[in-house]
Amino acid sequence: MAAAGGGRAAAGCLYLVDALAGDPEVLQADAEAYYGELVKKSLSIPDVFSIPGGEEVKLEESCVYFVPLYRNNPTCKMLLLTDPKDKETVLAVYLNQCWWPVEDVIKTADPSRDGLISVQTFGERIVLFVLNYIIFGRLEGSSANDAFFLPHSATECAKILWRNGEAVAFYSVKMKGSLCDGATSQCYLLPVLDTIFVRRKYRRSGLGMKMLDDFCQSFVAEDALGISCPISAAMYQVCQKFLQTYPEEQKRLWEVEAPGDWSQRVNIWLKIQMESSSSGKAEVGSCMENAQTRKPRQADVDQGVEYVTGVGKVAGDAREKDDAAAAAGTLNSQDPEQEDLEQGAGNTQQ
């Protein structure tokens with residue numbers, strides 16, 4: 001029962017998303033059989049997992065457990081290995097009769113996987129799960145964010161952003177007409193950008209803008225598009241920069257609560273303008289009262305894009321070419337390099 005580190009070696013030159021084939025139920029049955037043997041300690045050889053860097057972790061019942069792959073579907077599960085010194089840190093995922101390091105799960109050897117690509121295959125669903133539930137929810141999420149991030153549904157509309165052979169970001173969208181949740185018959189009245197995440201080392205590179213543009217370009221026929229409420233301060237910065245760059249979208253983007261009728265919508269551009277005006281008046285009043293100059297306040301953001309929402313095709317070439325020039329002329333008071341997102345699903349990731 002091989003389990004030593006490096007699932008890629010077991011799959012030759014391919015990574016998990018490239019090599020995974022077969023019935024998901026069969027793969028789960030295999031994982032359950034492996035777990036059963038581990039619990040009974042009937043493995044033929046001592047099982048260890050090699051962490052990249054050389055350290056070995058002994059595979060035993062106390063360090064492995066199953067979690068649901070999809071929201072509201074407990075029957076489809078993933079077997080995870082955690083660090084015995086820190087049970088919140090996930091080290092690997094068990095699939096295809098071996099353990100795959102988390103970082104290998106989100107890699108690809110397929111050069112055609114580049115840019116924003118819709119999630120369709122079972123392997124891509126696993127990549128989405130690892131980015132959302134493990135990397136964002138446990139490894140790279142902001143320490144100030146105490147939300148618990150549930151897996152997406154089995155039919156969630158989502159896109160993964162691939163760059164240099166690695167999944168670096170994703171966003172998901174609640175489609176118009178889809179059910180708000182399993183406990184109600186209400187349906188979304190407009191497409192809603194629900195979750196978005198960019199890995200820490202790829203932040204401050206415009207990926208939040210890229211995905212928000214992609215979302216808007218995916219629904220050009222819609223008069224209104226939503227972003228799940230509440231929108232974080234960092235996400236508001238991205239929205240401000242985006243709407244200054246593409247003013248034609250100012251009337252279309254709304255902060256919404258499900259299902260998104262007019263009483264549950266606030267125009268994002270209008271809210272930004274109102275808050276900017278209120279903030280400016282407050283600062284002027286305070287300066288006059290104290291008779292001194294105050295330093296500008298720093299936005300309450302992290303060091304890069306974290307979590308947002310949406311699905312659609314990649315933005316058009318003309319729009320891409322205009323990005324740099326248009327962004328340079330924006331009125332955003334924040335340094336563009338401080339683009340930052342931490343936007344969870346306001347009404348679904350409770």
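Atom set for the values below is all heavy atoms of this structure, side chains included, hydrogens, waters and symmetry mates excluded.
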Testing the 3.5 Å rule here: is there a donor-acceptor pair between the side chains of Glu255 and Tyr236?
yes
Hey, does the side chain of Glu275 reach the backbone of Ile272 with a donor-acceptor pair shorter than 3.5 angstrom?
no
Between Leu91 and Thr82, is any pair of side-chain heavy atoms under 4.5 Å apart?
no
Kindly assign one of parallel, tilted or perpendicular to the pair Phe129 and Tyr133, based on the angle between their ring planes and the thresholds 30° and 60°.
parallel
At their closest point, which heavy atom of Trp162 faces which heavy atom of Val17, and how far apart are they?
CH2-CG1, 4.1 Å
Same apolar cluster: Val192 and Leu179, side chain cutoff 4.5 Å
no
Return the minimal non-hydrogen interatomic distance between Cys180 and Tyr188, and the atom names on each side.
CA-CE1, 3.5 Å
Can Lys176 and Glu222 be said to form a salt bridge (charged side-chain N to carboxylate O under 4.0 Å, His left out), step by step?
CA-CA 10 Å; Lys176 182 177 181 179; Glu222 295 288 342; 3.4 Å; yes
Answer with yes or no whether the side chains of Ser112 and Asp110 bring together a donor and an acceptor at under 3.5 Å.
yes
Check for a donor-acceptor pair, side chain of Arg265 on one end and backbone N or O of Gly260 on the other, with a separation under 3.5 Å.
yes
Mind running side-chain contact (heavy atoms from CB on, under 4.5 Å) on Tyr70 and Cys76 for me, showing each step along the way?
CA-CA 7 Å; Tyr70 304 123; Cys76 190; 3.8 Å; yes
Closest non-hydrogen contact found for Leu190 with Pro259 is CD2-O, 4.1 Å
Report yes if the side chains of Arg163 and Leu207 come closer than 4.5 Å at any heavy-atom pair, otherwise no.
yes
CD1 (Ile106) and CH2 (Trp100) are apart, to the nearest 0.5 Å, by 13.5 Å
Would you call Arg138 and Glu88 a salt bridge, taking side-chain N to carboxylate O under 4.0 Å as the test?
yes
Should Leu139 and Val67 be counted in the same cluster of Ile, Leu, Val, Met, Phe, Trp and Tyr side chains packed under 4.5 Å apart?
yes
Can you tell me how far the CG atom of Leu243 sits from the CD atom of Glu249, to the nearest 0.5 Å?
7.5 Å
So how far is it from Asn267 CG to Gln250 CD, rounded to the nearest 0.5 Å?
8.5 Å
Could you measure the distance from the CG atom of Asp213 to the OG atom of Ser218? Nearest 0.5 Å is fine.
9.0 Å
So, Lys201 and Glu140, do they make that salt bridge, N to O below 4.0 Å?
no
Tyr202 and Val168: which non-hydrogen atoms are nearest, and at how many Å?
CE1-CG1, 3.2 Å
Could you walk me through whether Arg125 and Glu156 pass the salt bridge (charged side-chain N to carboxylate O under 4.0 Å, His left out) test, one step at a time?
CA-CA 9 Å; Arg125 290 285 169 194; Glu156 194 88 8; over 6 Å; no
Worked check of salt bridge (charged side-chain N to carboxylate O under 4.0 Å, His left out) between Arg113 and Glu124:
CA-CA 11 Å; Arg113 279 198 176 91; Glu124 290 166 343; 3.7 Å; yes
Regarding Arg199 and Glu166, does a basic nitrogen lie under 4.0 Å from an acidic carboxylate oxygen?
yes
Side chains of Cys216 and Arg252, heavy atoms from C-beta outward: is any pair under 4.5 Å?
yes
Enclosure of Asp223 CG (heavy-atom neighbours >12, cutoff 6.0 Å):
no
A side-chain contact here means heavy atoms from C-beta on lying under 4.5 Å apart; do Tyr15 and Val105 qualify?
no
ring-ring contact (aromatic ring centres under 6.0 Å, His included) with His152: which of Phe170, Phe197, Phe136?
Phe170
Correct closest heavy-atom pair for Leu79 and Trp99 would be O-CZ3, 3.6 Å
How far apart are the C-alpha atoms of Lys40 and Glu37, what are their side-chain angles, what is the distance that settles it, and do they pass the salt bridge (charged side-chain N to carboxylate O under 4.0 Å, His left out) test?
CA-CA 5 Å; Lys40 292 185 294 185; Glu37 292 187 29; over 6 Å; no
Taking C-beta and beyond as the side chain, do Asn96 and Leu20 meet within less than 4.5 Å on heavy atoms?
yes
Can you check whether Leu80 reaches Ile134 side chain to side chain, under 4.5 Å on heavy atoms?
yes
Does a side chain donor of either Gln273 or Ser276 reach within less than 3.5 Å of an acceptor in the other side chain?
no
Donor-acceptor contact below 3.5 Å, side chain Gln264 vs main chain Ala258:
yes
Find out if a path of hydrophobic residues (ILVMFWY) with successive side-chain heavy-atom gaps under 4.5 Å connects Val39 to Leu59.
yes
Between Val90 and Leu81, is the side-chain contact (heavy atoms from CB on, under 4.5 Å) condition met? List the steps.
CA-CA 6 Å; Val90 178; Leu81 171 66; over 6 Å; no
Correct closest heavy-atom pair for Pro151 and Pro68 would be CG-O, 3.4 Å
Rounded to the nearest 0.5 Å, how far does SG of Cys239 lie from CD1 of Ile227?
3.5 Å
Is Phe122 linked to Val26 within one hydrophobic cluster, defined over Ile, Leu, Val, Met, Phe, Trp and Tyr using a side-chain heavy-atom separation of less than 4.5 Å?
no
Distance col, row Ile51:CD1 vs Asp83:CG, nearest 0.5 angstrom, shows 5.5 Å
Please tell me whether Trp269 and Trp254 form a close aromatic pair, meaning their ring centres lie under 6.0 Å apart.
no
Pair Leu16-Ile126, side-chain contact (heavy atoms from CB on, under 4.5 Å): steps then yes or no:
CA-CA 9 Å; Leu16 179 65; Ile126 293 173; 4.3 Å; yes
With a 4.5 Å heavy-atom cut-off, do Val198 and Met211 have their side chains touching?
yes
Return the orientation label for the Phe66 and Tyr35 ring planes: parallel under 30°, perpendicular over 60°, tilted otherwise.
perpendicular
Assess the residue pair Lys210 and Phe242 against the criterion (side-chain contact (heavy atoms from CB on, under 4.5 Å)); give the C-alpha distance rounded to whole Å, side-chain angles, the decisive distance to 0.1 Å, and a yes or no.
CA-CA 9 Å; Lys210 181 180 181 68; Phe242 175 78; over 6 Å; no
So do the side chains of Lys174 and Pro191 get within less than 4.5 Å of each other, counting heavy atoms only?
no
